[in-house]
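Keep in mind that what you see is a predicted model, and the values were worked out from it rather than measured.
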Amino acid sequence: MATAVASQVAGSAPAGSDRGVRSSGVQGSNNISFSNKSWVGATLAWESKAARPRHVNKVLCMSVQQASESKVAVKPLDLESAKEPPLNTYKPKEPYTATIVSVERIVGPKAPGETCHIVIDHGGNVPYWEGQSYGIIPPGENPKKPGAPHNVRLYSIASTRYGDSFDGRTTSLCVRRAVYYDPETGKEDPSKNGVCSNFLCNSKPGDKVKVTGPSGKIMLLPEEDPNATHIMIATGTGVAPFRGYLRRMFMEDVPKYRFGGLAWLFLGVANTDSLLYDEEFTSYLKQYPDNFRYDKALSREQKNKNGGKMYVQDKIEEYSDEIFKLLDGGAHIYFCGLKGMMPGIQDTLKKVAEQRGESWEQKLSQLKKNKQWHVEVY
């Protein structure tokens, strides 16, 4: 799959699992440092401890701060000129060698597992569109094919085409470290850990990484109507492509795309410490209350209406009437995350449709025909 996503249990865009993830590079006049949260042309809003948000190390606050003042200029604008998305510029037999810029843990101490935001410098040589994926080939030999390289793992890209440094040179991936614990001993067995996710999460600035792609057209953001409604449903690192959409809508000054519609994000994770890019999303809520909605399903902290754990499908059911009306009006709906998320969501949508006297099968068929239905799971 080409997605960077993690649910309550696993992975990242296509993260969490060893499916794939990307990163971005910061060079030149941007002078961005995630570690000390300083950069040219912007001032931190939380210089004092009192003003500092929880888990400052958990999100890329640089972008949020810039967004809170004005939209950020991007370049080069010729990245807008292509009529079709780039596809498979680099193939597995001839990958592009990119460079790791930064690896940041972006979850709090009480999150189950570790998720990292990884920025990769591709030098502008592997351009992509929002919603696409990169392939990563981890170093080493494929144990099933001695002498051959590892298979490609796909990861959804977590940045816009301009990257976190807004200059078109980097890509960001959201990757959950895949680890295996022996059920009998309860101890971690490194021999069974995810090869690619651990390679990426263990990487250091300057390390080289083999990249393929970009790939995927299913999750491309339709931009023909800048006033359209986009309903985004993610578990864990499945939020990766939606971070890219939202930065394009609300953070970047893109002359050819002035978003004036509604973006509605549903994010399912285990607990508050597991929230990904929460400060960015909360910033958009404050700035664009008429254009952005943000609902969280925290399975270990919230209860659904029946007293059980709150999963993302329970949140969808809460707002089902509104969601169905928006779909009837032409809204796009996107799902990204672990494959296991879809049966529960489909069951909920079918139940709601039947309560409304509709056939879910017919409705789903129509949504697909109208190109309103976008799913990427792994």
Side-chain angles (χ1 to χ4, degrees), residues 1-24 34-35 55 57-60 100-120 133-140 143 150-159 171-183 185-205 207-211 234-240 243 267-278 299-300 336-341 377-378:
M1 294 298 319
T3 305
V5 182
S7 109
Q8 288 90 337
V9 235
S12 146
S17 72
D18 269 353
R19 204 197 135 248
V21 177
R22 4 322 190 187
S23 159
S24 96
F34 294 147
S35 56
H55 310 320
N57 67 329
K58 180 182 163 184
V59 188
L60 305 176
I100 298 288
V101 174
S102 62
V103 177
E104 297 279 340
R105 177 187 170 101
I106 55 169
V107 290
K110 295 179 182 176
E114 180 179 29
T115 301
C116 295
H117 182 84
I118 300 166
V119 176
I120 298 170
S133 297
Y134 264 11
I136 302 292
I137 303 175
H150 282 289
N151 293 334
V152 173
R153 271 72 165 187
L154 289 178
Y155 293 88
S156 299
I157 295 174
S159 54
T171 302
S172 299
L173 303 183
C174 178
V175 182
R176 175 161 170 159
R177 187 190 291 274
V179 294
Y180 175 82
Y181 292 93
D182 187 289
T185 65
K187 292 183 179 180
E188 183 181 341
D189 182 352
S191 69
K192 296 182 180 178
N193 286 350
V195 172
C196 196
S197 65
N198 282 276
F199 158 66
L200 288 168
C201 291
N202 291 336
S203 294
K204 302 289 187 292
D207 287 354
K208 300 302 179 182
V209 57
K210 291 181 178 178
V211 169
T235 56
T237 55
V239 78
R243 178 185 184 253
L267 175 58
V269 293
N271 56 21
T272 302
D273 272 24
S274 304
L275 287 168
L276 304 172
Y277 311 112
D278 188 56
S299 61
R300 299 188 186 180
C336 192
L338 293 176
K339 197 178 294 181
M341 74 186 269
V377 292
Y378 47 90

Is the shortest side-chain heavy-atom distance between [X] and [Y] below 4.5 Å?
| X | Y | result |
| --- | --- | --- |
| I106 | L276 | yes |
| R176 | C201 | no |
| S274 | R300 | no |

TODO: Determine yes or no for a side-chain-to-main-chain donor-acceptor pair under 3.5 angstrom, with N198 supplying the side chain and A178 the backbone.
DONE: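 The answer is yes, because a donor-acceptor pair under 3.5 Å joins these two groups.
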
Task: Straight-line distance of F199 CZ to I136 CD1, nearest 0.5 Å - done: 7.5 Å

Task: OG-CD distance between S172 and E104, expressed to the nearest 0.5 angstrom - done: 11.0 Å

Task: Partner of S203 by side chain to side chain contact (heavy atoms under 4.5 Å, CB included), out of V101, V209, I100 - done: I100

Task: Among V107, N271, V269, D273, the one residue meeting side chain to side chain contact (heavy atoms under 4.5 Å, CB included) with P112 - done: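 It is N271, the one option of V107, N271, V269, D273 that forms the side chain to side chain contact (heavy atoms under 4.5 Å, CB included) with P112.
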
Open item on the list: For C336 versus G238, what's the shortest heavy-atom pair and its separation?
Closed with: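 Taking every non-hydrogen atom into account, CB-O, 3.2 Å.
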
TODO: Might you point out which heavy atoms bring I137 and H150 nearest each other, and give the distance in Å?
DONE: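 Heavy-atom minimum between the residues: CG2-O, 3.6 Å.
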
- [ ] Could you verify whether a donor N or O on one side chain and an acceptor N or O on the other, from N193 and R177, lie under 3.5 Å apart?
- [x]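 No pair is found: no donor N or O on one side chain lies under 3.5 Å from an acceptor on the other.
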
Task: side-chain hydrogen bond (donor to acceptor under 3.5 Å, both in side chains) partners for K208, two or more places apart - done: T99

Task: Partners meeting side-chain hydrogen bond (donor to acceptor under 3.5 Å, both in side chains) with D207 (sequence neighbours left out) - done: none

- [ ] For the pair V377 and L338, evaluate side-chain contact (heavy atoms from CB on, under 4.5 Å) and give the outcome as yes or no after the intermediate values.
- [x] CA-CA 5 Å; V377 292; L338 293 176; over 6 Å; no

